[in-house]
Amino acid sequence: MIALVRRNLTSSISNHSLSLCCNSHFFSTSQTLAAAPTVLDILLHKHHLSPEVASLVDSDLRFSNPTDPVKADSVLSYFRDTGFSTTQLEKLVKYRPRLLASSVEKTIKPKIKIFQDLGFSSQDIGDIITGNLTILHSSVDNIIVPSLTVLKRLLGSNHDVARLLRLCSWFLTVDLEKNMVPNVEFLKSYGVPMERILVILYHNPRCLLIKTEIMKKSVERIERIGFNRSSKMFAYAIRVVSMMSEETWELKVQAFRDLGFSETETLAMFRKAPTVFTKSPEKIKTVKELVLETGKFSISSIVNNPVSLACSIENKYKPRFQILGILESRNMINYWPGLSTICKLPDDKFFERYIGPHLSELGGQVYVANSYWQKEILKP
């Protein structure tokens with residue numbers, strides 16, 4: 001009997017010990033699992049991304065592309081060490097969450113190294129990459145290096161290449177040798193100075209990627225209108241004309257005729273301000289009517305200052321016409337300034353010349369005119 005009790009007691013103690021051992025192992029394992037950082041932890045607590053971006057990225061990865069937190073950390077750490085800011089990191093992972101599953105050595109570092117070897121600053125590299133994340137998935141040998149070579153040949157220095165790429169980083173995702181170089185060579189052979197070609201490159205680069213045949217026809221049309229190849233406006237005219245078919249161009253000219261401008265006046269305005277032709281007929285009609293309603297200007301005033309058709313109605317014309325009308329009605333000015341002055345004078349200069357000297361007399365009537373003027377009025 002005593003032996004039986006001993007056996008039962010021993011068995012009970014052994015089972016209890018086993019249970020304790022298993023429970024101890026369970027809790028130890030649970031604590032280990034709980035301590036292992038997740039991708040969300042890495043984003044939030046190590047790299048200090050905003051909760052909104054971190055949650056969005058974590059959710060995307062969990063449902064579409066489960067990612068190893070260690071790999072995600074290595075990707076972010078590499079970009080951080082390269083000089084990327086938190087804002088740039090957020091942009092990277094927000095628009096390319098799966099980048100966190102990429103290989104630093106095989107996918108990311110080769111692209112970054114190209115820019116580093118060319119002497120680009122960390123800020124430049126960050127701006128260029130985040131300007132077009134496709135760069136990180138483009139071929140180094142087939143796209144990135146050839147494009148950089150073309151740009152260096154055209155611009156002459158890495159500094160200027162970096163400046164251009166900060167504005168248009170998509171240059172590194174297209175075949176420039178095939179799409180852009182033929183147009184540049186054509187323009188040079190046609191007598192367009194390189195400085196004018198560079199104006200196009202910096203301000204309207206996409207028009208250098210059109211088919212060369214379209215470029216040739218555009219240049220011929222521009223010359224028929226009366227542009228000089230070396231003039232500053234030639235570059236802006238190319239941008240406008242190259243983006244229009246012959247039919248669209250004729251419709252645009254007809255729209256000006258319908259608004260009361262002769263063909264001669266229309267072409268004269270185009271020569272002075274080609275970009276006006278990118279505005280809608282409705283906008284041009286509204287501006288024309290508003291300017292003429294003042295009784296201070298004629299059609300010829302607009303023809304001589306075609307940029308007036310592109311000015312903002314709410315932010316420029318209405319507040320300035322209002323102030324000038326009040327000043328004239330109170331004999332504070334003898335005459336209105338010319339249309340060119342009204343269009344081109346910056347807010348601070350307009351305030352200094354026409355509002356500041358009469359501020360006490362104008363009183364609260366300036367309030368409805370312009371937000372910049374309000375800040376000036378409220379200054380102590």
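Atoms considered below: every heavy atom in the structure, side chains included; atoms not considered: hydrogens, waters and symmetry mates.
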Show every ring-ring contact (aromatic ring centres under 6.0 Å, His included) that has at least one partner inside [range], sequence neighbours left out.
{"range": "residues 223-247", "result": "Phe227-Phe270"}
{"range": "residues 86-115", "result": "Phe115-Phe120"}
{"range": "residues 287-345", "result": "Tyr317-Phe321, Phe321-Trp336"}

Looking only at heavy atoms, what is the nearest atom pair of [X] and [Y], with distance?
{"X": "Val240", "Y": "Pro274", "result": "CG2-O, 3.5 Å"}
{"X": "Leu259", "Y": "Pro281", "result": "CD1-O, 4.1 Å"}
{"X": "Ile42", "Y": "Pro37", "result": "CD1-CB, 4.3 Å"}
{"X": "Pro319", "Y": "Ile313", "result": "CD-O, 4.2 Å"}
{"X": "Leu172", "Y": "Ser138", "result": "O-OG, 4.0 Å"}
{"X": "Ala162", "Y": "Asp124", "result": "CB-OD2, 3.7 Å"}

[Y] backbone acceptor or donor facing [X] side chain under 3.5 Å:
{"X": "Thr173", "Y": "Trp170", "answer": "yes"}
{"X": "Lys252", "Y": "Phe277", "answer": "yes"}
{"X": "Thr82", "Y": "Tyr78", "answer": "yes"}
{"X": "Ser169", "Y": "Arg166", "answer": "no"}
{"X": "Ser308", "Y": "Asn305", "answer": "yes"}
{"X": "Asp73", "Y": "Pro69", "answer": "no"}
{"X": "Gln88", "Y": "Ser85", "answer": "yes"}
{"X": "Ser102", "Y": "Leu99", "answer": "yes"}
{"X": "Ser55", "Y": "Glu52", "answer": "no"}
{"X": "Glu90", "Y": "Ser50", "answer": "yes"}

Are [X] and [Y] side-chain neighbours, meaning at least one heavy-atom pair lies under 4.5 Å?
{"X": "Glu220", "Y": "Tyr190", "answer": "yes"}
{"X": "Ser74", "Y": "Ser77", "answer": "no"}
{"X": "Val93", "Y": "Leu56", "answer": "no"}
{"X": "Leu324", "Y": "Phe350", "answer": "yes"}
{"X": "Thr130", "Y": "Phe84", "answer": "yes"}
{"X": "Phe256", "Y": "Met269", "answer": "yes"}
{"X": "Pro306", "Y": "Lys272", "answer": "yes"}

Next on the checklist: Counting only heavy atoms not in Arg353 (residues, nucleotides, ligands), do more than 12 fall under 6.0 Å from its CZ?
Outcome noted: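 No - once you tally the heavy atoms of other residues, nucleotides and ligands closer than 6.0 Å, there are 12 at most.
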Checklist entry - In terms of heavy-atom contacts, does NZ of Lys283 have more than 12 from other residues, nucleotides or ligands at under 6.0 Å? => result yes
How long is the gap from [atom1] on [X] to [atom2] on [Y], to the nearest 0.5 Å?
{"X": "Lys288", "Y": "Glu293", "atom1": "NZ", "atom2": "CD", "value": "11.0 Å"}
{"X": "Leu100", "Y": "Asp68", "atom1": "CG", "atom2": "CG", "value": "11.0 Å"}
{"X": "Leu89", "Y": "Leu43", "atom1": "CG", "atom2": "CG", "value": "10.0 Å"}
{"X": "Cys311", "Y": "Leu339", "atom1": "SG", "atom2": "CG", "value": "7.5 Å"}

Next on the checklist: Considering only residues two or more places apart or on different chains, which pairs with a residue in residues 147-157 satisfy side chain to side chain donor-acceptor pair (under 3.5 Å)?
Outcome noted: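 Qualifying pairs, neighbours excluded: Ser157-Asp160.
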Checklist entry - If you look only at pairs with a residue in residues 109-120, which of them pass as a side chain to side chain donor-acceptor pair (under 3.5 Å), with sequence neighbours excluded? => result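 Only Glu105-Lys109, Lys113-Asp117 qualify under side chain to side chain donor-acceptor pair (under 3.5 Å).
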Checklist entry - Residues in side-chain contact (heavy atoms from CB on, under 4.5 Å) with Ser230, at least two apart? => result Pro193, Asn228
Between side-chain atoms of residues 200-216 and protein atoms elsewhere (two or more places apart, or another chain), which donor-acceptor pairs fall under 3.5 Å?
residue : atom : partner : partner atom : Å
Asn204  : OD1  : Arg239  : NE           : 3.3
Thr212  : OG1  : Asn183  : OD1          : 3.4

Checklist entry - Passes side chain to side chain contact (heavy atoms under 4.5 Å, CB included), Thr248 versus Met243? Steps please. => result CA-CA 9 Å; Thr248 303; Met243 299 300 169; over 6 Å; no
With distance as the sole criterion, is a donor-acceptor pair present between the side chains of [X] and [Y] under 3.5 Å?
{"X": "Thr86", "Y": "Arg80", "value": "yes"}
{"X": "Thr264", "Y": "Ser262", "value": "no"}
{"X": "Thr38", "Y": "Asp41", "value": "yes"}

Next on the checklist: Using the rule given for side chain to side chain donor-acceptor pair (under 3.5 Å), can you reason through Thr134 versus Asn132, listing the C-alpha separation, both sets of side-chain angles and the distance that settles it, and then say yes or no?
Outcome noted: CA-CA 5 Å; Thr134 306; Asn132 193 324; 3.0 Å; yes
Checklist entry - If Ile, Leu, Val, Met, Phe, Trp and Tyr residues are connected whenever their side-chain heavy atoms lie under 4.5 Å apart, and connections chain through other members, are Ile222 and Leu251 in the same group? => result no
Next on the checklist: Taking transitive links into account, so neighbours of neighbours count too, which hydrophobic residues share a cluster with Val70 at under 4.5 Å side-chain distance?
Outcome noted: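 Cluster partners of Val70: none, it stands alone.
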Checklist outcome for this item: Members sharing Leu40's hydrophobic cluster, built from side-chain contacts under 4.5 Å between Ile, Leu, Val, Met, Phe, Trp and Tyr, are Leu44
Checklist entry - What residues form a salt bridge (charged side-chain N to carboxylate O under 4.0 Å, His left out) with Lys217, not counting sequence neighbours? => result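 Testing Lys217 for salt bridge (charged side-chain N to carboxylate O under 4.0 Å, His left out), a comparison that skips the adjacent residues, returns none.
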Checklist outcome for this item: Contacts of Lys285 meeting salt bridge (charged side-chain N to carboxylate O under 4.0 Å, His left out) (sequence neighbours excluded), chain-then-number -> Glu289
Checklist entry - Is the shortest side-chain N to carboxylate O distance from Asp127 to Lys91 below 4.0 Å? => result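 No, no charged N to carboxylate O under 4.0 Å.
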Item to check | Glu328 bridged to Lys296 by N-O distance under 4.0 Å | outcome: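 Yes.
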Item to check | Of all pairs that satisfy salt bridge (Lys or Arg N to Asp or Glu O under 4.0 Å), the ones with a partner from residues 179-201, not counting sequence neighbours | outcome: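 For residues 179-201, and leaving out neighbouring residues, the salt bridge (Lys or Arg N to Asp or Glu O under 4.0 Å) pairs sorted by first residue read Glu185-Lys188.
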